[in-house]
Trainee: 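Structure provided below as structure tokens; questions to follow.
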Number of protein chains: 2
Amino acid sequence: MNSDFTLAIHSLTLLALQPDRMSTSEYIAESAGVHPVRIRKVLSLLKKHGFIKSKEGIGGGFIFALDLSEVTLWDIYKITSEGALQPKCPESNDQCIVGANMQRVLFSIFLGAEDHLGEYLKDYTIKEIVDLINKKQ
Amino acid sequence: MNSDFTLAIHSLTLLALQPDRMSTSEYIAESAGVHPVRIRKVLSLLKKHGFIKSKEGIGGGFIFALDLSEVTLWDIYKITSEGALQPKCPESNDQCIVGANMQRVLFSIFLGAEDHLGEYLKDYTIKEIVDLINKKQ
DNA sequence: CAATCTGTAACGTTTATCATTACAGTATAG
DNA sequence: CTATACTGTAATGATAAACGTTACAGATTG
């Protein structure tokens with residue numbers, strides 16, 4: 001799966017640990033090991049969906065907007081990676097019954113697969129990620 | 001997910017429809033819309049795991065080795081795409097507690113996710129794919 | 001031994017991912 | 001009101017992954 005998902009979780013976890021002050025994209029980028037612009041791109045998605053707030057200018061940055069246990073990995077998956085499970089289908093030969101129908105068949109199966117994955121990912125909230133990060137160190 | 005999965009399913013479905021004779025990589029490639037060498041690469045994996053047999057020389061090609069309902073999408077996923085669900089983690093900063101532990105935490109969660117996906121994919125056999133392909137045309 | 005197939009390595013091309021630069025817009029401090 | 005420190009986002013460039021293609025050795029058949 002793409003790394004936007006990881007970056008989103010990483011960022012939210014950091015924000016969860018700094019509930020009282022704004023964190024800058026540079027601070028988050030340093031922890032995540034990527035460029036600040038990537039963090040800002042990913043976080044602008046999270047902002048659009050209301051999970052975080054941001055503020056420009058001096059003393060600005062990003063801050064969590066909801067309760068930690070209101071945000072699940074499934075929420076983040078949907079925002080950053082929806083459709084990632086879907087297997088890539090080369091354009092196949094429509095003259096052949098298999099070529100003509102394979103994409104449709106696999107597509108519907110993997111729609112179901114993604115729903116199924118959702119049921120699993122809904123059980124993990126950012127609160128639980130924070131707990132897992134703190135454990136064992 | 002990668003297209004090897006799709007090509008494997010596509011190939012097996014074609015072989016399922018030709019149970020009595022060998023199919024060449026060129027024939028399969030034409031249906032799938034890719035180069036025959038890619039088909040041979042993917043099918044060599046399937047052969048290694050005993051799902052198909054192959055024969056070189058004139059009249060050679062590939063043929064199904066098992067019963068259609070013995071092969072599930074989960075079998076094929078494991079062979080072609082295991083780990084594909086795992087979100088990519090940039091190398092993050094070990095000085096930060098989040099950076100140091102995120103990869104481990106996500107890795108274990110997505111091991112579980114893949115098992116969960118497996119339970120879903122086990123319900124689809126090649127026989128069922130063949131039925132779905134034939135339906136609605 | 002000529003023809004037809006698989007098996008696989010090697011190389012080149014295309015596409016996707018990611019980093020970086022650049023700059024406009026906004027808030028704060030003095 | 002101006003310098004500073006942020007976000008927001010587009011555009012460009014670099015790197016890596018996916019894929020196509022060529023090439024050729026090995027196997028089987030007639």
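Just so we're on the same page: letters track the sequence lines, and every chain starts at 1.
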Trainee: So which of A/I129, A/T13, A/I9 actually passes side chain to side chain contact (heavy atoms under 4.5 Å, CB included) with B/V105?
Mentor: A/I129
Trainee: Using the rule that two of Ile, Leu, Val, Met, Phe, Trp, Tyr join whenever any of their side-chain heavy atoms come within less than 4.5 Å, decide whether B/L111 and A/L117 are in one cluster.
Mentor: no
Trainee: Sequence neighbours left out, what pairs pass ring-ring contact (aromatic ring centres under 6.0 Å, His included) with at least one residue falling in residues 72-101 of chain A?
Mentor: A/W74-A/Y77
Trainee: How many whole angstroms separate atom NZ of A/K48 from atom P of D/dG8?
Mentor: 11 Å
Trainee: May I have the distance from A/E26 (atom CD) to D/dT4 (atom P), rounded to whole angstrom?
Mentor: 17 Å
Trainee: Only counting residues at least two apart or in another chain, list the ones meeting side chain to side chain contact (heavy atoms under 4.5 Å, CB included) with A/I58.
Mentor: none
Trainee: Is there any protein nitrogen or oxygen under 3.5 Å from a nitrogen or oxygen in nucleotides 27-30 of chain C, and what are the pairs?
Mentor:
from, atom 1, to, atom 2, distance (Å)
C/dT28, OP1, A/K55, NZ, 3.0

Trainee: What residues form a side chain to side chain contact (heavy atoms under 4.5 Å, CB included) with A/N93, not counting sequence neighbours?
Mentor: A/Q95, B/E30
Trainee: Taking OP1 and OP2 of C/dG7, is either one under 4.0 Å from a side-chain nitrogen or oxygen of B/S54?
Mentor: yes
Trainee: Quick one: list whatever passes side chain to side chain contact (heavy atoms under 4.5 Å, CB included) with B/S54, sequence neighbours left out.
Mentor: B/K47, B/F62
Trainee: Could you give the CG-to-P distance, from A/L15 to D/dT7, as a whole number of Å?
Mentor: 11 Å
Trainee: With a 4.0 Å limit, can you tell me whether B/S25 has a side-chain N or O closer than that to the phosphate oxygens OP1/OP2 of C/dT6?
Mentor: yes
Trainee: ring-ring contact (aromatic ring centres under 6.0 Å, His included): which pairs involve residues 82-115 of chain B, sequence neighbours left out?
Mentor: A/F5-B/F110
Trainee: Checking B/Q18 now: which residues fulfil side chain to side chain contact (heavy atoms under 4.5 Å, CB included) with it, not counting sequence neighbours?
Mentor: B/R21, B/S23, B/Y27
Trainee: In whole angstrom, what separates B/M22's CE from D/dT28's P?
Mentor: 11 Å
Trainee: Just the atom pairs and distances: protein N or O near nucleotides 17-24 of chain D's N or O, under 3.5 Å.
Mentor:
from, atom 1, to, atom 2, distance (Å)
D/dC19, OP1, B/S3, OG, 2.9
D/dC19, OP2, B/S3, OG, 3.2
D/dC19, OP2, B/R38, NH2, 3.4
D/dG20, OP2, B/R38, NH1, 3.1

Trainee: Per the salt bridge (charged side-chain N to carboxylate O under 4.0 Å, His left out) rule, what does the pair list look like for residues 111-133 of chain A, sequence neighbours excluded?
Mentor: A/E119-A/K122, A/K127-A/D131
Trainee: Counting only side-chain heavy atoms from C-beta out, which of D/dT9, D/dT7, C/dT6 sits nearest to A/S44?
Mentor: D/dT9
Trainee: Round to the nearest Å and state the distance from B/K53 atom NZ to D/dT28 atom P.
Mentor: 14 Å
Trainee: Using a heavy-atom cut-off of 4.0 Å across all strands, would you classify B/K47 as base, sugar-phosphate, or nothing?
Mentor: sugar-phosphate
